[in-house]
Student: 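Before we start, here is the structure in question, set down as structure tokens.
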Amino acid sequence: MKLFIVESPTKAKTIAKYLGKDWIVKATLGHIKDLPPDSLGVDEETLKPTFTWVKGKKKIMDDIKRVAQRADHIFIGTDPDREGEAIAYFVYKELEKLKKPINRVVFYEITKESIKDAVENPTEINQNLVKAQFARRILDRLIGYKLSPHLWKAFKKNTLSIGRVQSPALRLIVEREREILSFRKKEYYYIKVIFEKDGVEFSALWDYRFEKPENAKPYLEKIKDALFEVAGYEEEKEKRQPPAPFITSSLQATANSLLKLSVEQTQRIAQKLYEEGHITYPRTDSHRMNPKKAQEFMKFIEKTYGKEHVGALRKFKEKETAQGAHECIRPTSLQKPPLQGKEKELYELIFKRTLASLMAPAILIKKKAILTPLYEKKKGEEMYFVAKGSELFFDGYLKVYPESLELLALPRLKKGEILKPKKITLEKRQTQPPPRYTEGSLVKKLEELGIGRPSTYAVIVKTLKERGYVVEEKGYLKPTDLAFEVVDFIKEWFPKVVDYKFTSQMEEGLDRVEEGKEDWKEMVRKFFSSLNTSNG
């Protein structure tokens, strides 16, 4: 008998279907050991951590040990990232005393083929990944435990916290709110002429900005009865490239915008879809796609939408820190599973985005006309009005993944053609304040700044809400009064904690530990000491 250990019961159930009767699949229900919940658990001199049993997990491990004693071979198939590797490490440490062959198996989708392949190509625990998880956990613990009490003291509230990623994220939200509060609305005006030709109404704008409506009056007077001549007309085709397949941040941002799912909901549903074998691993920052799978999808595109809709498997420029072995988030098969509700909606979104990424670009026809009013002008008084139009020439990937296109009607015009305006008007416009962050746009911004990683985005947003730092209003994140005070306090006493560049460098440090390029204790010591002395 062989034993296969994972961290989730759903994953265990799916894998058991593929392994057959000579196997037993058991689940740890997440982490089995962690730093103690009620003390620091880290020696500040040596950085030696004290890991203790997570509540209820010793009993689960004792049960796994009983099964392991009867097994000929043990395979540990926890998730393929730092957290999964740390779980695998602690499970291994508990079972190694049994003197049985134990192997780590890694897979990025739960299908019969990938599980079989993983078992046939077993590996060892990746100690660098484990060390990176230790470094991340200990750095977060030191920051939380050593710096947060300063907040408690200042605000007489011990539910507040300072966090390595949480605090810079809060600073982003607070600074955006300050921009909105200090924003002063400014009005300005453009002269707009409305025409009609062949039953198509279109408008042309003079690209001159008036600060006050009365400043435009002399010009309106000059052209009020004028005919307009077409001084130029051009058309050109423009390709609109399909989107890249989903990675964690883009899935969370898109699901937040289109399906109104919170970042946490998206991650929870995606994890379930993965564990049930429907999609690939949902915590990834790599756009890479298995070429064999891509071919399968492209054949489906050809058969369903025609050869002209087939694109190519593109190579995307990956960030240096992208997890190379990981894939994008895609369906594991073309067979759609029987899902319902939000699970079905999220799966459909992933399915369509995957197909779209492998389809042909959409082609738009962009049109531009320049019109001038005919009246007695003084030298250098020429007014050029611009009319723009666009129409869809070929739908390409938009066939399956509709995106909002600004299509503007503009009839074909000829140079020298004379047109009579239907109406000449003054168009009022006003500057807009920057929008508040949504959960999705916050995740996008954090990714852009190199702050946080796929496994942390959902937790950050959840923590900000739980601490009373932000509330959600009409889908936007609004900081509370407390948030302003906390950010100002951290900026004064621990400026590096909310320094975007410094936080990004910490992430890079963790990545170097993962790659075996830096000692984890040195990395933690270096960053924590500079954080802790930043109030000096």
Student: Under a 3.5 Å threshold, yes or no: a donor from one side chain and an acceptor from the other, between E439 and Q252?
Tutor: no

Student: Does the plane of the ring in F527 sit parallel, tilted or perpendicular to the ring in F502? Use 30° and 60° as the thresholds.
Tutor: perpendicular

Student: Could R171 and Y500 be counted as a cation-pi pair, given that NZ or CZ must be under 6.0 Å from the ring centre and within 45° of the axis?
Tutor: yes

Student: Who pairs with T354 by side-chain contact (heavy atoms from CB on, under 4.5 Å), at least two apart in sequence or on another chain?
Tutor: M289, F297, R330, P331, I350

Student: Going by the rule side-chain contact (heavy atoms from CB on, under 4.5 Å), which residues pair with K237 if we only count those two or more places apart in sequence or in a different chain?
Tutor: I363, I365, F393

Student: Knowing that exactly one of E177, E472, E179 qualifies, which makes a salt bridge (charged side-chain N to carboxylate O under 4.0 Å, His left out) with R436?
Tutor: E177

Student: Heavy-atom count check: over 12 atoms from other residues, nucleotides or ligands less than 6.0 Å from R429 CZ?
Tutor: yes

Student: With under 30° as parallel and over 60° as perpendicular, where do the rings of F51 and F134 fit, or are they tilted in between?
Tutor: tilted

Student: Output yes when K299 and E296 qualify as a salt bridge under the 4.0 Å nitrogen-oxygen rule, no when they do not.
Tutor: no

Student: Could you walk me through whether E113 and K292 pass the salt bridge (Lys or Arg N to Asp or Glu O under 4.0 Å) test, one step at a time?
Tutor: CA-CA 13 Å; E113 190 184 2; K292 195 175 151 198; 3.0 Å; yes

Student: Kindly write out the residues that satisfy salt bridge (charged side-chain N to carboxylate O under 4.0 Å, His left out) with K58, not counting sequence neighbours, or none if the list is empty.
Tutor: D62

Student: Consider only side-chain N and O atoms of Y108 and N290, and report whether a donor and an acceptor are under 3.5 Å apart.
Tutor: no

Student: Y437 ring centre to K445 NZ or CZ under 6.0 Å, with the angle to the axis within 45°?
Tutor: no

Student: Under 3.5 Å, is there a donor on one side chain and an acceptor on the other for T463 and Q166?
Tutor: no

Student: Hey, is NZ on K399 packed in by over 12 heavy atoms from elsewhere, all under 6.0 Å?
Tutor: no

Student: Do E403 and Y397 get their side chains close enough for a donor-acceptor pair, meaning under 3.5 Å?
Tutor: yes

Student: Do Q271 and E275 meet the criterion of a side-chain donor-acceptor pair at a distance under 3.5 Å?
Tutor: yes

Student: Under a 3.5 Å cutoff, is there a donor and acceptor pairing between the side chains of R453 and T248?
Tutor: no

